[in-house]
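Inspection log for the structure reproduced underneath, given as structure tokens.
Each chain gets a letter, A, B and so on, in the order the sequences are listed, and its residues count up from 1. Everything numeric here is computed off the predicted structure, so don't read it as measured data.
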There are 2 protein chains.
Amino acid sequence: MKKIDIYKKLRSSGLRPTKQRVEIAKFLFEREKTFHFTVESLNKLLTKKINSKFALATIYNTVHSFKAAGHLSEVEVRGNKTYFDTNVSNHHHFYDSETSELIDIDASDIVIQKIPKAPNGKKIKNVEVFINLKN
Amino acid sequence: MKKIDIYKKLRSSGLRPTKQRVEIAKFLFEREKTFHFTVESLNKLLTKKINSKFALATIYNTVHSFKAAGHLSEVEVRGNKTYFDTNVSNHHHFYDSETSELIDIDASDIVIQKIPKAPNGKKIKNVEVFINLKN
DNA sequence: TTTTCACTTTAGAATTATTATAAACTAGAA
DNA sequence: TTCTAGTTTATAATAATTCTAAAGTGAAAA
Ligand SMILES: [Mn+2]
Ligand SMILES: [Mn+2]
Ligand SMILES: [Zn+2]
Ligand SMILES: [Zn+2]
């Protein structure tokens, strides 16, 4: 994803392309593979990557803005911290509790044959599969 | 589950049957259906049920002891608080984000036809399916 | 039955992740 | 260039959970 595209991405979702947002967006979206992170890990990596460091509140604000704009998704992982995901398409995860690492599974790589129907007046929004790993 | 069984359950897992543990165990395990709860909700319900209230730290200690003994499992749910589950068998969940409510799905009610193989030297420990609900 | 002590409970402090506040800053429209 | 709504920031506040260390207790042993 080129710099021009980063600006487009931000502008088209009503986010002013500030220095902070552009830096963070470049870090998050200029990559080939899915990136899973916590605010803490992102903050550490950003501080290492660029010389200036942003306020922690800015990382929180930005990540939440990106999520609200649909550029990030949130993954429910065992533990205290919130995990974010640059893959916003419907997909599943391996979870390695040894390393606290998430690995993407393409939606088409898991096929569910039988599924119960939703209870009383509710509908199924989506199905998330977690495959927990061991050594 | 009778009182005698509560004592057995505690003793056999190396937990001294103190007044607090017995009360909490009775509240959690003397029921037909699965019970999903947070420490906060359990504390509220216990305070209502029995006249005396226990220290919050005791609820935490007890719930963690029960989990370590295999009498409770932990369910990963979106949000800040930790959810516990009296159903310790392998099963899945509906999650209603409107009400923050979990509903059990028997393992046999979900059949997965296709599943990817675990990465590099890892093995699959277990598979958890979450069906998120909407209205 | 009494003694003893490792285990348990408890109140409160500490820690951790996250959110709120409010003052200073800035992108970009006018 | 000016103006202002949106943004960043340091810091305080909040919320869930864990830690601490003193007081209490179940039950093994005397
Ligand atoms: Mn979590
Ligand atoms: Mn959670
Ligand atoms: Zn992912
Ligand atoms: Zn359950």
- Task: Just jot down the salt bridge (Lys or Arg N to Asp or Glu O under 4.0 Å) partners of B:Lys125, sequence neighbours excluded, or say none.
- Result: none
- Message: Assess, by modelled atom type and distance only, whether the side chains of A:Asn135 and B:Lys123 contain a donor and an acceptor separated by less than 3.5 Å.
- Response: no
- Apply ring pair (Phe, Tyr, Trp, His ring centres under 6.0 Å) to A:His71 and list each qualifying residue two or more places apart in sequence or on a separate chain. none
- Would you mind reading off the bend of the helix from C:dT1-D:dA30 to C:dA30-D:dT1 from its two end axes, five pairs each, to 10 degrees? 20°
- 5'-most contact on DNA chain D (nearest-nucleotide basis), A:Ala57 vs B:Lys19, goes to A:Ala57
- Does B:Lys19 pair with B:Glu23 as a salt bridge, N-O distance under 4.0 Å? no
- If you draw the axis of the six-membered ring of B:Phe35, does the NZ or CZ of B:Arg31 fall within 45° of it and under 6.0 Å from the ring centre? yes
- With the side chain counted from C-beta on, respond yes when A:Phe66 and A:Val88 share a heavy-atom pair under 4.5 Å apart, and no when they do not. no
- Message: Using a heavy-atom cut-off of 4.0 Å across all strands, would you classify A:Thr38 as base, sugar-phosphate, or nothing?
- Response: nothing
- Query: DNA chain C: B:Ala55 or A:Glu40, which has the more 5' nearest nucleotide?
  - Reply: B:Ala55
- Task: Looking at every strand, decide which applies to B:Thr18 at a 4.0 Å heavy-atom threshold: base, sugar-phosphate, or nothing.
- Result: sugar-phosphate
- Taking only residues two or more places apart in sequence, or in another chain, which ones meet B:Ser65 in a side-chain contact (heavy atoms from CB on, under 4.5 Å)? B:Leu15, B:Arg21
- At a 4.0 Å cut-off to heavy atoms of chain A, the contacted part of DNA chain C spans C:dA17 to C:dG28
- Query: Are any of the side-chain nitrogens in B:Glu128 or A:Arg78 under 4.0 Å away from the carboxylate oxygens of its partner?
  - Reply: yes
- Does a donor on one side chain and an acceptor on the other come within less than 3.5 Å for A:Asp85 and A:His91? yes
- Message: Reading DNA chain D in the 5' to 3' direction, which nucleotide is the first one with an atom under 4.0 Å from a heavy atom of chain B, and which is the last?
- Response: D:dA16 to D:dA27
- B:Lys9 charged N/C atom sitting above B:Phe29 aromatic ring, 6.0 Å / 45°: yes
